[in-house]
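Residue numbers count from 1 along this sequence. As the structure is a prediction and not an experimental result, all values here were calculated from the model.
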Amino acid sequence: MEAIQKTQDNAPQIYVACLSSYNAGKLHGFWIEPATDKAELLGQIDKVLKTSPMPNAEEWAVHDYNYFPNLGEYPNLDKIIEVQEAIDEHGSDVVHAFLENWSVEDLDHVGDAYYGKYDNFTEFAEQYAHDTIEGLNDNSELSRYFNYQAYERDLQYDYHEGGADDGSSLIFSCNW
């Protein structure tokens, strides 16, 4: 079995396997951090096939994902590139949390939807209330009567909470 090649522990990677080897009972493949250029990604896949112990290897599949959304065994190369570009721009945690509620086809909107990182949804709701409701601050008369729990409950209709690896909450607007 080919040694696993990792760029870093939490790098978004896919395991590209040679199907000729797999069908012959041999495991051969590499962990790759997908390139965002189609020609380069094809070059990464071609390297797996050219180093195969089986002659004339042509077919490949993705057999595992590491910090990369699971796109199936035979993903579209354009979708791999689209996901990698989103990860490069927004980070793996944000992309994973976004995909908890939306699909890969919606990735163009991750920047529109992402609202920020908070300790929890309650912290987001309180911060959002203070940022958007005029006259609401810790010392105002309004703050003594404001129902933060009801406001938080109402916000949950318009915002999605996703989890980050560190346990914090990633908030997304549902109205992009």
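Separating the CG atom in Leu107 from the NE2 atom in His90 is a distance of 8.5 Å, to the nearest 0.5 Å. Rounding to the nearest 0.5 Å gives a distance of 12.0 Å between CG of Asp154 and CD of Gln149. Here the straight-line distance linking atom OH of Tyr65 with atom CD of Glu73 works out to 9.0 Å at 0.5 Å rounding. Atoms CZ and CG, from Arg153 and Asn147 in turn, are 7.0 Å apart once rounded to the nearest 0.5 Å. The CG atom of Leu41 sits 5.5 Å away from atom CD1 of Ile32, with the distance rounded to the nearest 0.5 Å.
For Asp131, the CG atom counts as densely surrounded, since its 6.0 Å shell holds more than 12 non-hydrogen atoms of other residues, nucleotides or ligands. Heavy atoms from other residues, nucleotides or ligands lying under 6.0 Å from CD of Glu105 number more than 12.
Formation of a donor-acceptor pair under 3.5 Å by the Glu89 side chain with backbone atoms of Glu85 is not found in this model. Looking only at distances, a side-chain donor or acceptor of Ser92 sits under 3.5 Å from a matching main-chain atom of Tyr67. In this structure, the side chain of Asp93 engages the main chain of Asp165 through a donor-acceptor pair within 3.5 Å. Although no hydrogens or angles enter the test, the distance criterion places a donor-acceptor pair under 3.5 Å between the side chain of Gln44 and the main chain of Ala35.
With contacts defined as side-chain heavy-atom distances shorter than 4.5 Å, the pair Ile80/Leu71 qualifies. Phe68 places a side-chain heavy atom less than 4.5 Å from the side chain of Gln84. Annotation: side chain of Asp106 is not in contact with side chain of Leu99 (no heavy-atom distance under 4.5 Å). Residues Lys79 and Val104 form a side-chain contact, since some pair of their non-hydrogen atoms from C-beta on lies under 4.5 Å apart. Looking at heavy atoms from C-beta onward, Trp60 lies out of side-chain contact with Val48 at the 4.5 angstrom threshold.
For the residue pair Ala11 and Glu33, the shortest heavy atom distance occurs at CB-OE1, 3.9 Å. Between Gly72 and Pro75, the shortest heavy-atom distance links the atoms O-CD, 3.5 Å.
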Identify every side-chain donor-acceptor pair in residues 169-176 under 3.5 Å, counting partners at least two apart or on other chains, and give the distances.
from, atom 1, to, atom 2, distance (Å)
Ser169, OG, Glu161, OE2, 2.4
Ser173, OG, Asn175, N, 3.1
Asn175, ND2, Asp158, OD1, 3.3

What pairs of donor and acceptor atoms, side-chain ones from residues 16-25 against any protein atom, are under 3.5 angstrom apart with sequence neighbours left out?
from, atom 1, to, atom 2, distance (Å)
Ser21, OG, Ser52, OG, 2.8
Asn23, ND2, Leu19, O, 3.2

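If you look at Phe146 and Tyr151, their ring centroids are closer than 6.0 Å. Ring centroid separation for the pair His28 and Phe30 comes in under the 6.0 Å cut-off. Between Tyr148 and His130, the gap from one ring centroid to the other is short of 6.0 Å.
Hydrophobic clustering keeps Tyr15 apart from Met54 (ILVMFWY residues linked when any side-chain heavy atoms are closer than 4.5 Å, directly or through intermediates).
Taking the ring pair (Phe, Tyr, Trp, His ring centres under 6.0 Å) definition, one finds that Tyr115 meets it with Phe124, Tyr128, Tyr159, sequence neighbours left out.
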Step by step, work out the side-chain contact (heavy atoms from CB on, under 4.5 Å) result for Asp37 and Ile81.
CA-CA 7 Å; Asp37 176 79; Ile81 291 168; over 6 Å; no
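Side-chain contact of Glu152 with Thr122: a donor-acceptor pair under 3.5 Å is present, judged by distance alone.
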